[in-house]
**Student:** 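I'd like to ask some things about the structure below.
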There are 2 protein chains.
Amino acid sequence: MYIFNHMVEYKDDHILTQLLKAVSDATRRSLLTQLCQHGPSRVTDLADQYEMSFNAISKHLKVLEKAGMITRRTIGRTHWIEANLDQIGLMEDWFKELKSIWELRLERLDTILKNGGN
Amino acid sequence: MYIFNHMVEYKDDHILTQLLKAVSDATRRSLLTQLCQHGPSRVTDLADQYEMSFNAISKHLKVLEKAGMITRRTIGRTHWIEANLDQIGLMEDWFKELKSIWELRLERLDTILKNGGN
DNA sequence: TTTCCTGTCAACCAAAAGGTTGCATAATTA
DNA sequence: TAATTATGCAACCTTTTGGTTGACAGGAAA
């Protein structure tokens with residue numbers, strides 16, 4: 001059993017949380033897919049594709065927008081929504097970091113084993 | 001304005017949703033980090049590092065377990081928890097797919113532009 | 001055996017999430 | 001100008017989530 005001296009301080013990393021939460025909903029993932037396929041789209045045209053209400057889609061888009069996964073260009077009364085895949089990198093980076101932490105431990109373990117019972 | 005004939009059928013992709021939700025919580029991400037750093041750990045030792053209750057951590061671990069992000073080996077009364085990064089691929093695959101859908105549209109667009117107003 | 005340790009399960013609670021409807025507003029169109 | 005269209009906002013409701021506490025059960029240790 002190992003001992004820890006103090007609480008782990010993990011930065012809430014609000015942005016990453018927001019991103020992952022945004023993308024963890026199936027409807028929002030579908031919206032992103034649609035936007036990537038068809039390019040900039042109006043809210044109405046997006047909403048027409050789903051069985052839920054216009055307002056529900058509007059809210060989903062707002063979540064995606066706050067997370068930076070879409071951008072909005074308002075021309076007159078119509079809002080043109082476009083996917084923005086830049087943020088994906090932040091999530092991929094976390095995966096990468098986690099994997100490297102994992103690998104580092106394995107390497108340490110390997111070194112210890114090679115050096116015998118020192 | 002483009003026209004869609006029918007509702008978009010997006011597979012709920014329950015597994016991906018479960019994975020992303022599991023990982024979208026800062027405490028659970030921290031737990032995964034700890035597990036990667038220190039290797040197999042007991043629930044008690046993990047919980048000791050956080051300010052929240054033992055039971056809260058136990059529940060977080062259950063969420064991670066259901067998503068397949070950790071595995072559990074029970075020896076006597078102690079549960080040895082280990083990170084399992086295999087599932088990360090599923091999330092990365094979705095990112096990759098999204099990007100490729102994006103690229104495909106750009107290519108189509110490019111072709112149209114090159115062929116002039118055909 | 002009696003007591004402690006490790007962990008789950010169940011009940012409960014507050015807050016957040018995902019949905020709905022109704023209304024307001026601004027921009028087009030007739 | 002009057003009607004319609006595109007959208008956001010607010011209020012409301014139900015389900016989920018993240019946390020708590022209080023049993024409880026099975027292994028270890030006294």
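Heavy atoms only: backbone and side chains are in, while hydrogens, waters and symmetry mates are out. Quantities reported herein were computed from a predicted structural model and do not represent experimental measurements.
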**Student:** Using OP1 and OP2 only, check whether a side-chain N or O of A:His60 sits under 4.0 Å from C:dA17.
**Tutor:** no

**Student:** Can you find a donor-acceptor N/O pair under 3.5 angstrom joining the side chain of A:Arg77 to the base of D:dA6?
**Tutor:** no

**Student:** Between B:His79 and C:dT8, does any side-chain N or O lie under 4.0 Å from OP1 or OP2?
**Tutor:** yes

**Student:** Mind calculating the distance between CZ (B:Arg72) and P (C:dT6) to the nearest angstrom?
**Tutor:** 15 Å

**Student:** Test your reading of the model: is there a side-chain donor-acceptor pair from A:Thr111 to the backbone of A:Glu107, 3.5 Å cut-off?
**Tutor:** yes

**Student:** Rounded to whole Å, please give me the gap between CZ in B:Phe54 and C1' in C:dT6.
**Tutor:** 6 Å

**Student:** Would you tell me if any nitrogen or oxygen in the side chain of B:Arg28 comes within less than 4.0 Å of OP1 or OP2 on D:dG18?
**Tutor:** yes

**Student:** Looking only at atom types and distance, does a side-chain atom of A:Arg28 sit under 3.5 Å from a main-chain N or O of A:Val23, one as donor and one as acceptor?
**Tutor:** no

**Student:** Using heavy-atom distances to pick each residue's nearest nucleotide on DNA chain C, tell me which of B:Lys59 and B:Thr78 is more 5'.
**Tutor:** B:Thr78

**Student:** Answer yes or no: does a side-chain N or O of B:Lys62 lie under 4.0 Å from OP1 or OP2 of C:dC9?
**Tutor:** yes

**Student:** Please state how far atom CD1 in A:Ile57 lies from atom P in D:dG8, giving the value in whole angstrom units.
**Tutor:** 12 Å

**Student:** Using a cut-off of strictly less than 4.0 Å, decide whether B:Ser58 has a side-chain nitrogen or oxygen near OP1 or OP2 of C:dT8.
**Tutor:** yes

**Student:** Between the base of D:dG22 and the side chain of B:Asn55, is there a donor and acceptor pair under 3.5 angstrom?
**Tutor:** yes

**Student:** If the cut-off is 4.0 Å, is B:Ser53 near the phosphate of D:dG19, judged by side-chain N/O to OP1 or OP2?
**Tutor:** no

